[in-house]
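Residue indices begin at 1 and follow the sequence shown.
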Amino acid sequence: MAPKDTIQSFVSLGRFLAQFTVVNPHKNEGVLHNDLYFDAFESLIQLSQSHNGWFTADQVRFSLASWADALTESNLNTWTARYNLPVSAPKTIGLVLAGNIPLVGFHDLLSVVLAGHNALVKTSSNDQKLLPFLVNYLQQQNPEFNNRIVFTDGKLENFDAVIATGSNNTARYFEYYFKDKPAIIRKNRNSIAVLTGQETSADLHALGEDIFRYFGLGCRNVSKLFVPKGYDFTAFFEAIFAYQDVIHYEKYANNYDYNKAVFLMSNFKLVDNGFLTLKEDPSYASPISSVFYEYYESLEELAQRLERDQEQLQCIVSAAKIEGSIPLGSSQKPALWEYADQVDTLEFLLAL
């Protein structure tokens, strides 16, 4: 399949997804195959929470909106223009996907297909419905995708390279199991925010999106705040109050109650607003419904520490001039060329 045709297929998919970003979607008559897929996909969105309790319709629609924004002809051309696509000798790439947030493995699949390879996909048990549906939509557009994207329920076999995402524990298994294959193995990473005390209410409200989107389950969710000595959290709590409805989701509320109880029984000092706890802690990874914080003496010293710890970090959000940081509120909408773990997936695929 020519690169132009592959890109056009994903552009069409993006137009299809754009219909489902609102609560009551309406058919766009210019979108391909709506007669076959529109009603079925809306039904799948409504049922997503029954398949995974964290996948509320609102969270799924946010993910779809992000991908609809990304899958434009302009974005896809800008991204792929720097590479020599496709490869001359296609290989089979095994994909072991995570399932912590909706469609978290879609970028890997997109990269494999655009590179000209074939994908052998093992979905997470937590996200087995959405991606196969979208692949089926692609296959309806072009039957060539039938052979280029295959799903498997068993262990991966007959593949040439692998991209696998999991926890630090599963990564050790992946590294052993895939030791004889070219591989990208992704482990746990966390995202942080660096505050200076000069942020506006709008800045801090935007930070709430980085914290609460997907209930904090993603590696791009902010799990820790770095704040200057003497920082007053009052403005922060006032700005994020708009996210209070998160406590009405049972799974989140259960985590809030449990983690708060554990902290209190351990005599940890907490700052609490009824739906989020703040705990001073040197770690980067905080549990659901909690964000850790740590004071810093100077931005220069902090920048040096973050440079040393870069392999533990996914992204840094800040209004300050921190190298590699992105704006507050933008962590959950990465551009196509913003790679997980800062590893260029297309470069890896083209070098095989």
Side-chain angles (χ1 to χ4, degrees), residues 13-28 31 34 37-71 97-107 123-134 137 191 202 204-223 237 239-257 259 273-276 286-291 315 317 327-334:
L13 176 61
R15 291 172 181 157
F16 175 76
L17 297 179
Q19 300 173 113
F20 301 93
T21 60
V22 295
V23 174
N24 296 306
H26 296 283
K27 286 184 181 179
N28 179 340
V31 171
N34 263 343
Y37 292 96
F38 184 93
D39 292 339
F41 195 52
E42 175 60 18
S43 178
L44 179 57
I45 294 170
Q46 297 297 331
L47 290 172
S48 289
Q49 194 170 0
S50 67
H51 302 138
N52 181 329
W54 295 108
F55 286 13
T56 65
D58 175 66
Q59 303 294 358
V60 172
R61 291 191 196 282
F62 181 90
S63 175
L64 300 179
S66 299
W67 280 111
D69 290 342
L71 295 176
L97 306 184
N100 50 324
I101 66 175
L103 293 173
V104 66
F106 185 82
H107 190 275
T123 60
S124 165
S125 59
N126 292 323
D127 189 9
Q128 295 184 321
K129 304 292 183 180
L130 292 169
L131 187 61
F133 190 101
L134 300 191
Y137 183 87
S191 296
L204 295 173
H205 176 78
L207 173 58
E209 180 69 21
D210 299 321
I211 294 171
F212 294 106
R213 176 58 59 187
Y214 304 125
F215 303 106
L217 288 166
C219 64
R220 297 183 69 89
N221 283 103
V222 167
S223 58
F237 275 129
I240 68 168
F241 187 72
Y243 297 91
Q244 62 176 316
D245 285 349
V246 71
I247 199 65
H248 298 313
Y249 291 99
E250 183 179 5
K251 290 176 74 67
Y252 182 92
N254 289 343
N255 277 269
Y256 170 81
D257 291 338
N259 290 317
N273 69 347
F275 60 91
L276 180 74
S286 61
I288 296 170
S289 77
S290 181
V291 169
C315 57
V317 300
L328 296 162
S330 67
S331 71
Q332 297 302 337
K333 283 196 172 186

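- In this structure the side chain of F41 reaches within 4.5 angstrom of the side chain of L130, judged on heavy atoms.
- Using a 4.5 Å heavy-atom threshold, the side chains of R213 and D58 count as touching.
- Side-chain contact check for L103 versus L64: some heavy-atom pair is nearer than 4.5 Å.
- R15 contributes no side-chain N or O that, together with a main-chain N or O of V31, makes up a donor-acceptor pair within less than 3.5 Å.
- Side-chain atoms of Q59 and W54, non-hydrogen and from C-beta on, never get closer than 4.5 Å to each other.
- Taking 4.5 Å as the limit, every side-chain heavy atom of H248 sits out of range of all side-chain heavy atoms of F275.
- Taken to the nearest 0.5 Å, the SG atom of C219 stands 7.0 Å off from the CG atom of N100.
- In terms of modelled atom types and a separation under 3.5 Å, the side chain of S50 and the main chain of L47 share a donor-acceptor contact.
- Between the N221 side chain and the F215 main chain, no donor and acceptor come within less than 3.5 Å of each other.
- Between F133 and Y37, the ring-plane angle classifies as perpendicular under the 30° and 60° cut-offs.
- Note that the CG atom of L217 and the OH atom of Y252 stand 10.5 Å from one another [nearest 0.5 Å].
- Distance check: H51 NE2 to Q128 CD gives 9.5 Å after rounding to the nearest 0.5 Å.
- The heavy-atom pair separating S286 from S223 by the smallest distance is OG-O, 3.0 Å.
- Checked against L97 for a side chain to side chain contact (heavy atoms under 4.5 Å, CB included), the options D127, L131, V104 give a single hit: L131.
- Counting only distance, with no hydrogens or angles, the side chain of N126 and the backbone of A98 share no donor-acceptor pair below 3.5 Å.
- A donor-acceptor pair under 3.5 Å links the side-chain atoms of S48 to the main chain of L44, judged by distance alone.
- In this structure, I288 CD1 and L276 CG are separated by 12.5 Å, a value rounded to the nearest 0.5 Å.
- Atom OG of S289 sits about 7.0 Å away from atom CD1 of I247, to the nearest 0.5 Å.
- Classification of the F16-Y137 ring pair by plane angle, with boundaries at 30° and 60°, yields parallel.
- Side-chain N or O atoms of Q19 include none that pairs as donor or acceptor with a backbone N or O of K27 at under 3.5 Å.
- Of the possible donor and acceptor atoms, one in the side chain of S63 sits under 3.5 Å from a partner among the backbone N and O of P102.
- The nearest pair of heavy atoms linking A242 to H205 is CB-CE1, 3.7 Å.
- Using a cutoff of 4.0 Å between basic side-chain nitrogens and carboxylate oxygens, K333 and D210 are not scored as salt-bridged.
- At least one side-chain heavy atom of F212 sits less than 4.5 Å from a side-chain heavy atom of I240.
- Within the model, atoms OG1 of T56 and OH of Y249 stand 4.5 Å from one another, a figure rounded to the nearest 0.5 Å.
- T21 places none of its side-chain heavy atoms less than 4.5 Å from the side chain of D69.
- Nearest heavy atom pair, residue S66 against residue Q332, reads OG-O, 3.9 Å.
- Y214 and F62 have perpendicular rings, their planes meeting at more than 60° on a 0 to 90° scale where under 30° would count as parallel.
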